[in-house]
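Below is one structure, written out as structure tokens; comments come after it.
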Amino acid sequence: MTEDFDVDPVDKALALWGLQNASARFVAGRENRVYRVEDASGTYALRLRRPGYRGADELASELHWLFAMADAGLNVPEPQKSLTGALMEPLGERHVDLLEWLSGKPLGQSRDPLELDDSVATFRDLGRMMAKLHNACDAWQRPSWFKRCHWNLDGFLGEAPLWGRFWENSTLDVETRTLLVEFREKATADLAAVQEGLDYGLVHGDLVRENVMVDGDQLSMIDFDDGGFGFRLFDVATALIKNLGEPNFPDLQAALIGGYREYRPLDDRHLPLFMGLRAVTYVGWIVPRMEEEGSPARNIRFINTARDLCGAYLNKTA
Ligand SMILES: Nc1ncnc2c1ncn2[C@@H]1O[C@H](COP(=O)(O)OP(=O)(O)O)[C@@H](O)[C@H]1O
Ligand SMILES: N[C@@H](CCOP(=O)(O)O)C(=O)O
């Protein structure tokens with residue numbers, strides 16, 4: 001369903017935060033609708049959350065989590081309270097929230113080569129920031145009603161994976177489908193065998209380049225929409241997967257893991273499994289989005305990455 005969100009709902013939303021005189025510029029709308037809002041009091045990200053993706057309890061959980069992480073000194077956008085003192089407000093069929101606007105620009109775009117002065121140093125910093133996030137998550141006392149998704153065995157590989165039944169993507173050729181089905185079976189057995197020993201807790205879930213902001217030597221994280229309970233290696237795999245084409249990928253990986261280990265232990269023996277798991281999530285994610293602009297090319301890219309990573313995993317562990 002398309003919605004015609006022009007000035008009206010945005011004005012209504014701004015008024016809920018007492019920002020009726022602020023200027024608002026549309027920034028993004030593929031998932032949530034995001035506006036950059038500015039007035040004398042500061043700059044903010046107004047988010048009209050997409051309907052149907054997360055329940056009100058999950059959205060509220062995300063905001064309380066974010067608030068706690070900002071409070072703990074993490075570089076994340078602090079949610080702003082509305083005039084009623086709430087972190088989010090209902091607006092029609094949606095919920096809206098207002099976050100602190102973080103300075104800088106995204107670390108990169110998925111399809112383009114990285115353009116960083118020192119990509120290895122940046123990935124070391126990213127590893128450090130990720131470990132600090134995991135530490136702060138473990139230290140945080142969650143409210144009893146806290147509810148987020150679970151990136152666990154079922155969430156990746158069960159009958160209804162969080163991002164969809166990747167093996168049923170109708171564009172898969174027979175050979176690739178067979179490979180992904182085989183990966184699903186093997187990954188299920190392997191994850192079941194090792195999961196008890198793996199670091200598990202709250203994870204960002206989508207630390208791709210677009211969700212890491214860079215301002216000078218300062219990094220920050222946005223978009224906790226897919227955050228939930230998960231294996232910490234999932235965050236590592238997510239941060240790495242869109243960089244596989246970088247000529248210095250092994251150095252980026254080593255730097256990320258090295259930076260992480262400065263603040264938190266990390267057993268990376270099962271990283272290839274999580275690279276495969278991360279890759280197949282995208283093959284499922286694209287299925288209901290196949291008609292969107294850019295989707296055919298994205299779909300091919302996701303399938304190729306999954307074929308490479310899952311194929312490598314199966315060959316290595318055969
Ligand atoms: N707090 C923020 N500070 C700065 N930029 C933001 C902030 N929140 C969102 N943005 C910008 O808006 C874009 C979309 O926001 P995001 O939360 O990633 O939504 P979605 O994943 O739904 O597209 C981001 O890529 C970023 O450019
Ligand atoms: N989950 C991503 C998928 C887009 O991947 P990309 O590699 O094309 O950037 C999203 O939310 O956009």
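Remark: the backbone N or O of D215 is not paired with any side-chain donor or acceptor of Q218 at under 3.5 angstrom. Between the W151 side chain and the F234 main chain, no donor and acceptor come within less than 3.5 Å of each other. Judged by distance alone, with hydrogens and angles left aside, the side-chain atoms of S295 form a donor-acceptor pair with the main-chain N or O of R289 at under 3.5 Å. The closest donor-acceptor contact from the side chain of S61 to the backbone of K147 lies under 3.5 Å. Between the side chain of R94 and the backbone N or O of L48, at least one donor-acceptor pair lies under 3.5 Å. In this structure, the side chain of Q80 engages the main chain of E78 through a donor-acceptor pair within 3.5 Å. When atom types are taken as modelled, the side chain of N75 and the backbone of L219 share a donor-acceptor pair closer than 3.5 angstrom. Put simply, the side chain of N32 never gets that close to the backbone of V34: no donor and acceptor are under 3.5 Å apart.
For the ring pair (Phe, Tyr, Trp, His ring centres under 6.0 Å) criterion with H64, the lone passing option out of W145, W140, F224 is W145.
No chain of hydrophobic side-chain contacts below 4.5 Å, direct or via other Ile, Leu, Val, Met, Phe, Trp or Tyr residues, connects W101 to F26. Transitive grouping of hydrophobic side chains (ILVMFWY, heavy atoms separated by less than 4.5 Å) keeps I300 and Y282 in distinct clusters. Criterion: ILVMFWY side-chain heavy atoms under 4.5 Å apart, direct or through other members. Under it, L99 and V27 are not part of a common hydrophobic cluster. Residues L179 and V287 are members of separate hydrophobic clusters, defined by side-chain heavy-atom contacts under 4.5 angstrom among Ile, Leu, Val, Met, Phe, Trp and Tyr. Clustering ILVMFWY residues whenever any of their side-chain heavy atoms sit less than 4.5 angstrom apart, transitively, puts L46 in a cluster other than the one holding L83.
Partners of D154 according to the side-chain hydrogen bond (donor to acceptor under 3.5 Å, both in side chains) rule, which considers only residues two or more places apart in sequence or in another chain, do not exist here. By the side-chain hydrogen bond (donor to acceptor under 3.5 Å, both in side chains) test, E89 is found to be paired with S82, T84, residues two or more places apart in sequence or in another chain being considered. For R36, the salt bridge (Lys or Arg N to Asp or Glu O under 4.0 Å) partners two or more places apart in sequence, or in a different chain, are E38.
Taking the six-membered ring where tryptophan is involved, the planes of F302 and W285 are perpendicular, since the angle between them exceeds 60° and thus also 30°. The aromatic rings of F156 and F231 sit parallel, their planes meeting at an angle under 30°, below the 60° perpendicular limit.
Salt bridge annotation for E159-R184: present, with a cationic side-chain nitrogen under 4.0 angstrom from a carboxylate oxygen. A salt bridge does not link R30 to E210: none of the charged nitrogens lies less than 4.0 Å from a carboxylate oxygen. No salt bridge links K105 with E115; every basic N to acidic carboxylate O contact stays at or beyond 4.0 Å.
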Query raised in the report: Yes or no on side-chain contact (heavy atoms from CB on, under 4.5 Å) for M221 and M130, after CA distance, side-chain angles and deciding distance?
Result: CA-CA 9 Å; M221 296 166 272; M130 191 190 288; over 6 Å; no

Report task. Start with the C-alpha distance between W17 and V37, add both sets of side-chain angles, then the distance that settles side-chain contact (heavy atoms from CB on, under 4.5 Å), and finish with yes or no. Result -> CA-CA 11 Å; W17 271 264; V37 172; over 6 Å; no

**Report entry** Candidate pair H134 and V203, rule side-chain contact (heavy atoms from CB on, under 4.5 Å), full reasoning
**Finding:** CA-CA 7 Å; H134 294 163; V203 292; 4.1 Å; yes

Query raised in the report: Are S41 and L19 close enough, and set up right, to give a side-chain contact (heavy atoms from CB on, under 4.5 Å), and what steps lead you there?
Result: CA-CA 9 Å; S41 68; L19 290 168; 4.1 Å; yes

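Residue pairs meeting the salt bridge (charged side-chain N to carboxylate O under 4.0 Å, His left out) criterion with at least one partner in residues 221-239, sequence neighbours excluded, are R49-D225, R50-D225, R54-D226, D138-R232, D199-R232.
Considering only heavy atoms from C-beta on, F123 comes within 4.5 Å of L126 through its side chain. Under the 4.5 Å side-chain criterion, counting only non-hydrogen atoms from C-beta, Y260 is not in contact with D268. Considering only heavy atoms from C-beta on, L87 stays 4.5 Å or farther from D97 through its side chain. Put simply, the side chain of L244 does not reach to within 4.5 Å of the side chain of D308, judged on heavy atoms. Under the 4.5 Å side-chain criterion, counting only non-hydrogen atoms from C-beta, V283 is not in contact with T305. Side chains of V280 and W163 form no contact here, defined as non-hydrogen atoms less than 4.5 Å apart. Using a 4.5 Å heavy-atom cutoff, the side chains of E246 and D251 are not in contact. Put simply, the side chain of C137 reaches to within 4.5 Å of the side chain of M69, judged on heavy atoms.
Counting heavy-atom neighbours within 6.0 Å of R269 CZ, excluding the residue itself, gives a total of 12 or less. Within a 6.0 Å radius of CG in D117, other residues, nucleotides and ligands contribute 12 heavy atoms or fewer. Few gaps surround CG on D112; more than 12 heavy atoms of other groups in view lie less than 6.0 Å from it.
Contact detail for R278 and G205: the closest heavy-atom pair is NH1-O, 2.9 Å. Residue R301 comes nearest to S110 through the heavy atom pair NH1-CB, 4.2 Å, listed as atom of the first residue, atom of the second, then distance. The heavy-atom pair separating A22 from L14 by the smallest distance is O-CD1, 4.3 Å. Listed here is the closest heavy atom pair of L277 and F183: N-CZ, 3.6 Å. Among all heavy-atom pairs drawn from L153 and A192, the shortest one is CD2-CB, 4.1 Å. Considering every non-hydrogen atom in both A70 and V76, the closest pair reads N-CG2, 3.5 Å.
Rounded to the nearest 0.5 Å, atoms CZ (F274) and CG (L191) are 5.0 Å apart. Once rounded to the nearest 0.5 Å, the distance linking CD1 of I303 with CG of N299 reads 4.0 Å. In this structure, CG in D190 is found 10.0 Å from CG in L157, a value given to the nearest 0.5 Å. Rounding to the nearest 0.5 Å gives a distance of 8.5 Å between CD of E262 and CG of D125. For the atom pair L240 CG and I257 CD1, the distance stands at 6.5 Å (nearest 0.5 Å). Between the CG atom of L198 and the CG atom of D267 there is a distance of 7.0 Å, given to the nearest 0.5 Å.
Geometrically, R33 does not engage Y35 in a cation-pi contact, judged by NZ or CZ lying under 6.0 Å from the ring centre and within 45° of the ring axis.
Through side-chain heavy atoms spaced under 4.5 Å, either directly or across other Ile, Leu, Val, Met, Phe, Trp or Tyr residues, L102 is tied to M213, I222. Under the 4.5 angstrom side-chain criterion for Ile, Leu, Val, Met, Phe, Trp and Tyr, Y263 has no cluster partners at all.
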